[in-house]
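Please read the structure below before turning to the comments.
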Amino acid sequence: MKVLKFGGTSVGSVENLNRVKEILISDQEDKIVVCSAMSGVTDHLVRLVENIKLKDTEAITRSLHRLESKHIDVIDTLVNDQEIKNTLKEGVSVIITEMFEVSSQEYSEVINSRIITYGETLLTYIFSGYLNASEVSNVLLDAKEFMDVDSVENPNIEKVQKRLEKVLSNNIQSSIYITQGFVCRDSDGQISHLKRGGSDYTATIIGSALNASEIQIWTDIDGLHNNDPRYVEQTHPISHLTYNEAAELAYFGAKILHPQTVSPVVGKDIPVLLKNTFDPEATGTVISNKTYKKGLKAISAKDGITAIKIKSNRMLMAHGYLRRIFEVFDNFQTSIDMITTSEIAISLTIDNTTNLDKIVKEIESYAEVTIEQDHSIICIVGESVINDKNSYRLFEILNYIPVRMVSYGGSNNNISILVDTKDKIPTLKFLNEKLFQIHEEAVV
Ligand code: ADP
Ligand code: ASP
Ligand code: MG
């Protein structure tokens, strides 16, 4: 069994849905197909939730009608048979009616999750119906029946496995199952979601639960590139990455993968392939536990980082001081990404500022605290990158851009620097040139 995931652009138009169909029929192996919402739809639903909060009935009605016509238009162009067309349109109307009902309720986290996951519900309903109408027989599975994810950070794969096996045995056998990405149920059984971009994570949770032979993530680019192609020209796809490398890059901002995509398959030896829906023949990227080449592989950037400097003369020679600080962050469930220390001060970074005020208040009782917002972590990744003889060139950046923190040697596979977000793009460009272009020997 393989798991194939198709992202928003891949399912974002009639033309692209037909590309996906071709990809599905080009391979005979049994598969579970995880689909995102059509591109733009989840953003639309996030705006709808804002109107639910405001109880703006007119805006809600307009928004749901727009959503309905978008999906009805897709059915009109995709399906020829009038009877099937009508059935699918009726199905969409039923879902939209349900959405009107949910939208009339008082805002809550559950209402938010219910609304923003409807994009996947709509798309998979239409696509599964279309495939069946084109004699690509398949079964539509409701992910809410098996994606029981008590903790998004640490999903219980065995629980998903048991539920999924039951769902599969209760359904008729098929070589293609279609299901929704992104949606899940929380520990109270309420509808929840895996955070934005979470369909990648759905695919690896399912792949891990079923011990899939392979997980394919189909998107709009030919694999994971050595730098962010949205900001840097002349990037190139990397053919092989280890789980460690991919996990670091995803966690530190490579948008092509949800930050937690890799964690369910680490230790399971299930390869994750990143493939291009618009160029299926392109090699893409294979993520596995094999190291094909050590050294520098790629750079990524994570925004929304807050740097916190904690200074106290009492830190001098005092043991137990760091424990005391870390306990505060732990008590307020805030994880730390980067740390640097001197004898009298420690600087660290966080990305979740929900409890920042409380953290500062507590630490201020014994130390001086300075906060700097709007920073980005630039992460340079590769197995044994710290031993790569070319890595030293990254420090030439100090000549051009103010660097707030450096983390070197925390792991062999990652060197991180912290810069003001306004310097992020120049930093990515500079590093691309220094590390990948001038010295071709550094290119993997
Ligand atoms: P999908 O909708 O298929 O999940 P995403 O938009 O989430 O697709 O991810 C694909 C996009 O990620 C690419 O179009 C590209 O602009 C962006 N991206 C950012 N960093 C990288 C990288 N290092 N390699 C490849 N793509 C990247
Ligand atoms: N549709 C969701 C989003 O846009 C999940 C995904 O596409 O992965 O975030
Ligand atoms: Mg994505």
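Remember, it's 1-based here, ligands and their atoms both numbered in the order they're listed. By convention here, the first residue in the shown sequence is residue 1.
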Give the residue and atom name of whichever protein heavy atom lies nearest to atom 19 (C) of ligand 1, and the separation in Å to one decimal.
Asp228 OD1, 3.4 Å

Looking at Arg19 and Glu22, does any basic side-chain N land under 4.0 Å from a carboxylate oxygen?
no

Report yes or no: does Pro229 have a heavy atom closer than 4.0 Å to ligand 1?
yes

Residue, atom name and distance, where the atom is the protein heavy atom closest to atom 4 (O) of ligand 2:
Arg196 NH2, 3.0 Å

Over 12 non-hydrogen atoms of neighbours within 6.0 angstrom of NZ in Lys195:
no

Could you tell me whether Gly8 and ligand 1 have an N or O pair separated by under 3.5 Å?
yes

Exactly one of Lys297, Lys293, Lys294 should register a salt bridge (Lys or Arg N to Asp or Glu O under 4.0 Å) with Glu245. Which one does?
Lys297

If the contact criterion is a heavy-atom separation under 4.0 Å, does Gly8 count as touching ligand 2?
no

Considering distance alone, does some N or O of Gly197 sit under 3.5 Å from an N or O of ligand 2?
yes

If you have a sec, work out which protein heavy atom is nearest atom 6 (O) of ligand 1 and how many Å separate them, to one decimal?
Lys255 NZ, 2.6 Å

Give a yes/no verdict on whether any heavy atom in Asn227 is under 4.0 Å from an atom of ligand 1.
yes

Give me the nearest non-hydrogen protein atom to atom 7 (O) of ligand 2 as residue plus atom name, then the distance to 0.1 Å.
Ser36 OG, 3.1 Å

Atoms in ligand 2 flagged as close to Glu120, the criterion being non-hydrogen separation under 4.0 Å:
1 (N), 2 (C), 5 (C)

Please say whether Thr219 places an N or O atom under 3.5 Å from an N or O atom belonging to ligand 1.
yes

Determine the sole option in Asn227, Asp222, Asp228 for which the side-chain hydrogen bond (donor to acceptor under 3.5 Å, both in side chains) test with His225 is passed.
Asp222

Please report whether ligand 2 has a polar contact with Thr42, defined as an N or O pair separated by less than 3.5 Å (distance criterion only).
yes

Note: ligand 1 atoms sitting under 4.0 Å from heavy atoms of Asp220 are 10 (C), 11 (C), 13 (C), 14 (O)

Nearest protein heavy-atom contact for atom 9 (O) of ligand 1: which residue, which atom, what distance?
Ile256 CA, 3.4 Å

Protein heavy atom at shortest distance from atom 6 (C) of ligand 2:
Ser199 OG, 3.3 Å

ring-ring contact (aromatic ring centres under 6.0 Å, His included) assessment of Phe100 paired with His65:
CA-CA 10 Å; Phe100 266 105; His65 282 153; 5.7 Å; yes

Heavy atom of Ser199 under 4.0 Å from ligand 1?
no

Lys5 contact mode with ligand 1 (heavy-atom cut-off under 4.0 Å)
side chain

Measure up the Phe182 and His193 rings against each other and bin them: parallel (under 30°), tilted (30 to 60°), perpendicular (over 60°).
tilted

Does a sphere of radius 6.0 Å around NZ in Lys429 hold more than 12 heavy atoms from other residues, nucleotides or ligands, not counting ones at 6.0 Å or beyond?
no

Suppose we measure from atom 16 (O) of ligand 1 to each protein heavy atom; which comes out shortest, and what is that distance?
Arg230 CG, 3.3 Å

Counting distance only, does the side-chain N/O of Asn226 pair as donor-acceptor with the main-chain N or O of His236 below 3.5 Å?
yes

Check for me whether Lys302 meets the cation-pi criterion with Tyr251, that is, NZ or CZ under 6.0 Å from the six-membered ring centre and within 45 degrees of the ring axis.
yes

Between Thr202, Thr179, Leu4, Ile178, which is the residue that forms a side chain to side chain contact (heavy atoms under 4.5 Å, CB included) with Ile32?
Thr179

On the 0 to 90° scale, with breaks at 30° and 60°, tag the Tyr201-His258 ring pair as parallel, tilted or perpendicular.
parallel

Of the backbone atoms (N, CA, C, O) and the side-chain heavy atoms from C-beta on, which set of His225 has a member under 4.0 Å from an atom of ligand 1: side chain, backbone, both, or neither?
both

Side-chain ion pair, Lys5 and Asp200, N-O less than 4.0 Å:
yes

